[in-house]
Number of protein chains: 2
Amino acid sequence: MAIFTGTYQHTIDEKNRLAIPSSIRKCMDEDTEGNGFFVTPGLDKCLALYTPLHFKAISEKYNEQASTNRKARNFQRHFFSYTKKVDCDKQGRISVEPKHIDYAGLKKEVIIVGVMDRIEIWDKKSWDEAEAGNSESYENDAEDLFRLGSVPS
Amino acid sequence: MAIFTGTYQHTIDEKNRLAIPSSIRKCMDEDTEGNGFFVTPGLDKCLALYTPLHFKAISEKYNEQASTNRKARNFQRHFFSYTKKVDCDKQGRISVEPKHIDYAGLKKEVIIVGVMDRIEIWDKKSWDEAEAGNSESYENDAEDLFRLGSVPS
DNA sequence: GTGGATTGTGGGTAGGGATGGGGAATTTAA
DNA sequence: TTAAATTCCCCATCCCTACCCACAATCCAC
């Protein structure tokens with residue numbers, strides 16, 4: 001499965017179009033992962049984009065929980081109703097729904113980041129604020145999270 | 001899996017290009033390990049380069065940390081967003097992002113070192129300072145680390 | 001020592017990527 | 001049936017990346 005990395009600054013134009021970085025598009029294999037993305041409401045007020053293959057895996061996981069848990073069912077309703085499948089146009093752009101723009105507080109300048117199994121879209125201002133904290137605690141968090149063994153250095 | 005060793009002094013040119021020593025490139029097998037490198041923010045303010053095969057193993061380890069844990073989530077964001085996949089050009093060079101140059105404080109002269117499963121890139125000045133301390137305590141550290149039969153993974 | 005091959009470094013240039021805007025096709029409303 | 005609106009496609013521009021070639025230094029073989 002594709003592993004996404006990197007940080008990119010792109011712009012949303014007046015038609016709500018947003019170019020997905022070509023290096024991100026190139027690192028997914030359409031035959032196995034499908035084409036396009038599922039745009040979902042991410043945690044921490046960003047948008048999270050998943051490949052069709054990975055979205056399927058997530059859906060199945062949520063579905064197991066929902067069958068026995070009322071809170072999970074409500075979460076499931078919100079999550080799926082707020083999710084939209086999009087395809088890239090010939091220029092490699094997706095169009096972002098107004099409701100998603102509102103949710104993540106997107107302005108013209110946005111940051112696109114690859115985070116392992118997903119692509120996140122942030123408003124530039126929010127990202128800069130969050131990232132300042134994350135980079136500060138990076139080395140300490142690395143030691144905390146992996147102290148109990150299993151450190152790939 | 002490839003084991004990297006050695007110390008090399010190379011230069012970053014005005015286009016932010018850096019030649020990977022040919023003896024390092026030659027000791028990895030593209031068929032099994034993939035081509036190019038993942039440039040990651042290493043601990044102790046250097047850059048750590050991994051082969052695609054090894055980076056995949058690291059990602060899977062990080063993936064075990066639930067993304068519902070806030071600290072783990074922010075760590076993942078920082079690590080993967082700061083990581084960039086690069087390929088060597090026909091001259092065996094990679095291009096280093098400005099962000100990575102800042103992080104490791106790289107100037108024109110840099111030191112490239114092979115450290116077992118990864119390649120580290122240091123600013124020459126930082127390396128010389130760190131190395132002075134390391135070589136001084138080398139024999140003592142060796143005794144400490146191996147006294148209890150523990151293997152430094 | 002000498003010649004050739006390999007390696008590291010520098011610089012010009014073509015092609016691809018990000019972005020903006022016009023226009024055709026489809027939909028919705030009147 | 002026509003007008004207005006939305007969506008998607010295509011082209012045009014700018015800029016940056018990565019390729020190509022060139023040269024210098026080093027290493028190696030003989």
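Only a predicted model underlies this, so the values are computations on that prediction, with no experimental measurement involved.
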Validation row: [X], [Y] side chains within 4.5 angstrom (heavy atoms):
X	Y	result
Arg73(B)	Val115(A)	no
Glu97(B)	Tyr103(B)	no
Leu49(B)	Ile94(B)	yes

Find the distance [X]:[atom1] to [N]:[atom2] and express it as a whole number of Å.
X	N	atom1	atom2	result
Glu109(A)	dA18(C)	CD	C1'	14 Å
Ile94(A)	dT19(C)	CD1	C1'	15 Å
His10(A)	dG17(C)	NE2	C1'	8 Å
Gln9(A)	dT19(C)	CD	C1'	13 Å
Leu18(B)	dG10(C)	CG	P	11 Å
Asn16(A)	dG20(C)	CG	P	12 Å
Ile12(B)	dT9(C)	CD1	C1'	13 Å
Tyr8(A)	dT17(D)	OH	P	12 Å

| request: Consider the side chain of Glu14(B), meaning its heavy atoms from C-beta on, and name the nucleotide among dG10(C), dA18(C), dG8(C) that approaches it most closely. | output: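 Looking only at heavy atoms from C-beta outward on Glu14(B), the closest nucleotide is dG10(C).
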
| message | Check this for me: does any side-chain nitrogen of one of Asp89(A) and Arg17(A) sit under 4.0 Å from a carboxylate oxygen of the other? | response |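 A salt bridge is absent here (no side-chain N lies under 4.0 Å from a carboxylate O).
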
| field | Under-4.0 Å salt bridge between Lys45(A) and Asp123(A) | value |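 Not counted as a salt bridge, because no side-chain N and carboxylate O are separated by less than 4.0 Å.
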
| field | Closest heavy-atom pair and its distance - Thr51(A), Glu33(A) | value |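 Reported closest heavy-atom pair: OG1-OE1, 3.6 Å.
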
| query | How far apart are the closest heavy atoms of Tyr82(B) and Glu131(A), and which atoms are they? | reply | CE1-OE2, 3.2 Å

| said: For nucleotides 6-12 of chain D, give me one character per nucleotide, 5' to 3': B if any protein heavy atom sits under 4.0 Å from the base, S if the only such contacts are to the sugar-phosphate, - if neither. | reply: --BBBB-

For nucleotides 24-28 of chain D, give me every protein contact, N/O to N/O, under 3.5 Å, one pair per line with atom names.
none

| query | Parallel, tilted or perpendicular: which describes the rings of Tyr62(B) and Phe79(B), with under 30° parallel and over 60° perpendicular? | reply |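 Rings of Tyr62(B) and Phe79(B): perpendicular, over 60°.
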
| query | Taking the six-membered ring for Trp, are Phe37(A) and Tyr50(A) ring centroids under 6.0 Å apart? | reply |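 Here the rings of Tyr50(A) and Phe37(A) have centres that are no less than 6.0 Å from each other.
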
| Mapping Lys26(B) and Lys108(B) to their closest nucleotides on DNA chain C, which lands nearer the 5' end? |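 With Lys26(B) and Lys108(B) compared, the 5'-side residue is Lys26(B).
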
